[in-house]
Amino acid sequence: MNEELLGKYKLVVGMEVHVQPKTETKMFCGCDANIWGAEPNTHTCPTCLGLPGALPVPNLDGVKKAQLLGLALNCTLNNDSRFDRKHYFYPDLPKGYQISQYKQPLCENGSLSLESGNTADIERVHLEEDVAKSFHEGGKTLVDFNKSGLPLIEVVTRPCFRSIEDAVDYCKKLQVICRYLGISEADMEKGQMRLEANISLRTGEMEEKDELSPYKVEVKNINSFKYMEKAVRAEIVRQREILEKGEMPKQENRGYDEFKNITVAQRDKEEASDYRYFPEPDIPPMVFDEKYFNELRAVEGSLPQSLRDVMEKKGVAKEQSRILVEVMGAAVVEKFHKLIEGGLDAVKAATVLINRKDLFELNVEEILNKIKGEGEKVSDTGEIRKVVENVMEKNQAAVTDFKNGKESALQFLLGNVMREMKGKADASVAIETIKELLKK
Ligand SMILES: [Zn+2]
């Protein structure tokens with residue numbers, strides 16, 4: 001973490017991430033959810049336009065995908081869950097409320113292990129509907145309802161991050177999980193994953209006492225990991241300046257201006273009570289049983305961490321398993337396992353996929369043939385000579401035996417050389433070298 005940036009202060013970050021699950025239809029109506037590139041207002045119906053009297057019917061695939069994400073984040077899946085109305089007025093929300101979840105979300109109290117060894121502390125995973133999109137053109141405001149009513153999974157953490165690196169790592173891991181479990185492509189450019197960071201600073205003394213600052217600033221609608229890092233940095237600088245003047249930053253929502261690399265004030269942050277939540281009367285409460293939850297648990301083997309555990313048990317280093325699973329992705333993981341089936345050892349397979357750019361585009365069979373062709377042999381006489389000298393020094397008795405006419409001592413020395421070099425030495429070069437050195 002950047003000490004210089006923080007001065008005497010400590011960083012506290014909590015994340016709210018929205019993921020749009022990939023479903024055929026919208027969250028509460030039958031409209032086609034694939035709106036990417038569509039003409040404005042072509043994917044609409046009375047329900048997602050918010051017309052009076054239209055009844056919402058929950059999309060079970062959306063529910064299931066939110067639960068899968070909760071499962072992947074080690075959450076408790078609630079047997080009883082329900083939707084609530086969250087009231088606020090906005091031109092892109094004509095019915096005056098958003099259907100969301102408040103008191104009984106689908107999933108609660110989870111965790112996710114981070115690369116640093118720290119843990120992200122998940123408060124809840126709930127489902128809600130997206131709102132429409134407004135455009136401001138020539139002094140007029142236009143609204144496109146295609147996005148209105150799309151499902152959104154919201155994942156909320158507690159204020160658990162102490163560094164920008166941990167917060168970014170968490171978001172990246174969340175994206176990877178969504179992709180491996182088929183929940184969402186989580187393509188940030190398409191708005192399928194949106195980040196909001198709650199940021200505050202506190203003193204070291206407060207950190208020791210586990211005391212939070214009396215304010216937090218929510219930076220909204222961050223649409224790339226890079227911008228997230230920059231937005232948090234910009235916010236640290238801004239808040240620190242205020243604190244150093246002896247003042248307290250205002251609790252508010254801010255947006256990140258990527259061109260100026262600063263955050264700018266939006267509206268004041270609402271308290272939960274401002275939304276006047278109450279249970280959605282048009283949707284009955286949902287009840288799930290253990291049998292259903294157990295069926296969901298079948299995906300646990302496809303979790304990125306499970307895939308990494310399998311690799312690490314085969315001897316692959318932690319950083320390599322991270323790159324293969326979390327950076328390179330599912331297709332490369334599959335290739336990794338096929339290379340092992342083809343006879344390559346796991347460590348070698350990992351190294352080939354990560355470091356051999358020349359082999360990367362080839363298919364499994366071609367890679368295996370190339371590697372076999374190379375024979376993996378070391379025939380550098382200098383390198384072999386060094387090992388032979390070392391082996392002879394350690395095995396003086398065998399050297400004496402050979403000089404006394406015991407031929408088998410040569411094989412014994414060769415065996416030791418091959419073991420030292422893990423079988424990679426070119427045997428004929430090794431024998432010649434041993435013979436040469438034995439003559440001395
Ligand atoms: Zn609709």
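In this text, all values refer to a predicted model and were calculated from it rather than measured experimentally.
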Checklist entry - Can Lys291 and Asp289 be said to form a salt bridge (Lys or Arg N to Asp or Glu O under 4.0 Å), step by step? => result CA-CA 5 Å; Lys291 185 172 165 280; Asp289 60 17; over 6 Å; no
Checklist entry - Who pairs with Lys338 by salt bridge (Lys or Arg N to Asp or Glu O under 4.0 Å), at least two apart in sequence or on another chain? => result Glu334
Checklist entry - Side chains of Phe83 and Gln101: does their closest heavy-atom pair fall under 4.5 Å? => result yes
Next on the checklist: Could you check whether Glu235 pairs with Arg238 (Lys NZ or Arg NE/NH1/NH2 to Asp/Glu carboxylate O, under 4.0 Å)?
Outcome noted: yes
Next on the checklist: Please find the pair of heavy atoms, one from Cys171 and one from Met193, that lie closest to each other, and give the distance.
Outcome noted: O-CE, 3.3 Å
Next on the checklist: Both conditions, 6.0 Å and 45 degrees, for the charged tip of Arg85 above the ring of Tyr97: are they met here?
Outcome noted: yes
Checklist outcome for this item: When every non-hydrogen atom of Asn78 is compared with those of Pro105, the smallest separation belongs to ND2-O, 2.8 Å
Checklist outcome for this item: The residue among Gln67, His126, Arg82 that forms side chain to side chain contact (heavy atoms under 4.5 Å, CB included) with Leu106 is Gln67
Next on the checklist: Looking at every non-hydrogen atom in both residues, tell me the closest pair between Arg202 and Glu207 and how far apart they are.
Outcome noted: NH2-CG, 3.5 Å
Next on the checklist: Salt bridge check, Lys386 against Glu389: does any charged N sit closer than 4.0 Å to a carboxylate O?
Outcome noted: no
Checklist entry - Can you name the salt bridge (Lys or Arg N to Asp or Glu O under 4.0 Å) partners of Lys147, sequence neighbours left out? => result Asp130
Item to check | Lys/Arg N to Asp/Glu carboxylate O, Lys173 vs Asp169, below 4.0 Å | outcome: yes
Next on the checklist: How long is the straight-line distance from CG of Leu112 back to OG1 of Thr157, given to the nearest 0.5 Å?
Outcome noted: 10.5 Å
Next on the checklist: I'd like to know whether Gln20 forms a side-chain hydrogen bond (donor to acceptor under 3.5 Å, both in side chains) with Ser184, so could you lay out the CA-CA distance, the side-chain angles of the two residues, the decisive distance to 0.1 Å, and finally the verdict.
Outcome noted: CA-CA 6 Å; Gln20 192 187 97; Ser184 171; over 6 Å; no
Checklist entry - Would you find a donor on one side and an acceptor on the other, under 3.5 Å apart, between the side chain of Thr47 and the backbone of Cys29? => result no
Checklist entry - Counting N and O atoms only, with roles assigned by atom type, does the side chain of Asn79 sit under 3.5 Å from a partner on the main chain of Val287, one being a donor and the other an acceptor? => result no
Item to check | Main-chain N/O of Gln175 paired to Tyr180 side chain as donor or acceptor, under 3.5 Å | outcome: no
Checklist entry - Are any side-chain N or O atoms of Asn223 and backbone N or O atoms of Leu195, one a donor and one an acceptor, separated by less than 3.5 Å? => result no
Item to check | Salt-bridge present (Glu366, Lys335; N to O < 4.0 Å) | outcome: no
Item to check | Charged N-O contact under 4.0 Å between Lys95 and Glu129 | outcome: yes
Checklist entry - Does Arg254 pair with Glu252 as a salt bridge, N-O distance under 4.0 Å? => result yes
Item to check | Closest approach of Gly149 to Cys48 (non-hydrogen atoms, all atoms of both residues) | outcome: CA-CB, 4.5 Å
Next on the checklist: Could you report the tightest heavy-atom contact between Val63 and Met27, atom names first, then the distance?
Outcome noted: CG2-CE, 4.2 Å
Checklist entry - Between Asp166 and Arg162, is the closest basic N to carboxylate O distance under 4.0 Å? => result no
Item to check | salt bridge (Lys or Arg N to Asp or Glu O under 4.0 Å) partners for Arg179, two or more places apart | outcome: none
Checklist entry - Can you name the side-chain contact (heavy atoms from CB on, under 4.5 Å) partners of Thr25, sequence neighbours left out? => result Asn59
Checklist outcome for this item: Residues passing the salt bridge (Lys or Arg N to Asp or Glu O under 4.0 Å) test with Arg158, sequence neighbours excluded, are Asp121
Item to check | Salt bridge flag under 4.0 Å for residues Lys230 and Asp257 | outcome: no
Checklist entry - Taking the side chain from His43 and the backbone from Asp32, do they hold a donor-acceptor pair closer than 3.5 Å? => result yes
Checklist outcome for this item: CD1 of Ile199 to OG of Ser213, rounded to nearest 0.5 Å, is 12.5 Å
Checklist outcome for this item: For Thr23 and Pro151, the nearest pair of non-hydrogen atoms, with its separation, is OG1-CG, 3.4 Å
Checklist entry - Sub-3.5 Å donor-acceptor pair from the side chain of Asn109 to the main-chain atoms of Ile122, do we have one? => result no
Item to check | Salt-bridge contact Glu128-Lys86 (side-chain N to carboxylate O under 4.0 Å) | outcome: no
Checklist entry - Using 4.0 Å as the upper bound for N to carboxylate O, is an ion pair formed by Lys394 and Glu420? => result yes
Donor-acceptor pairs under 3.5 Å, side chain of residues 132-139 to any protein atom, not counting sequence neighbours: which ones?
residue : atom : partner : partner atom : Å
His136  : ND1  : Thr141  : OG1          : 3.0

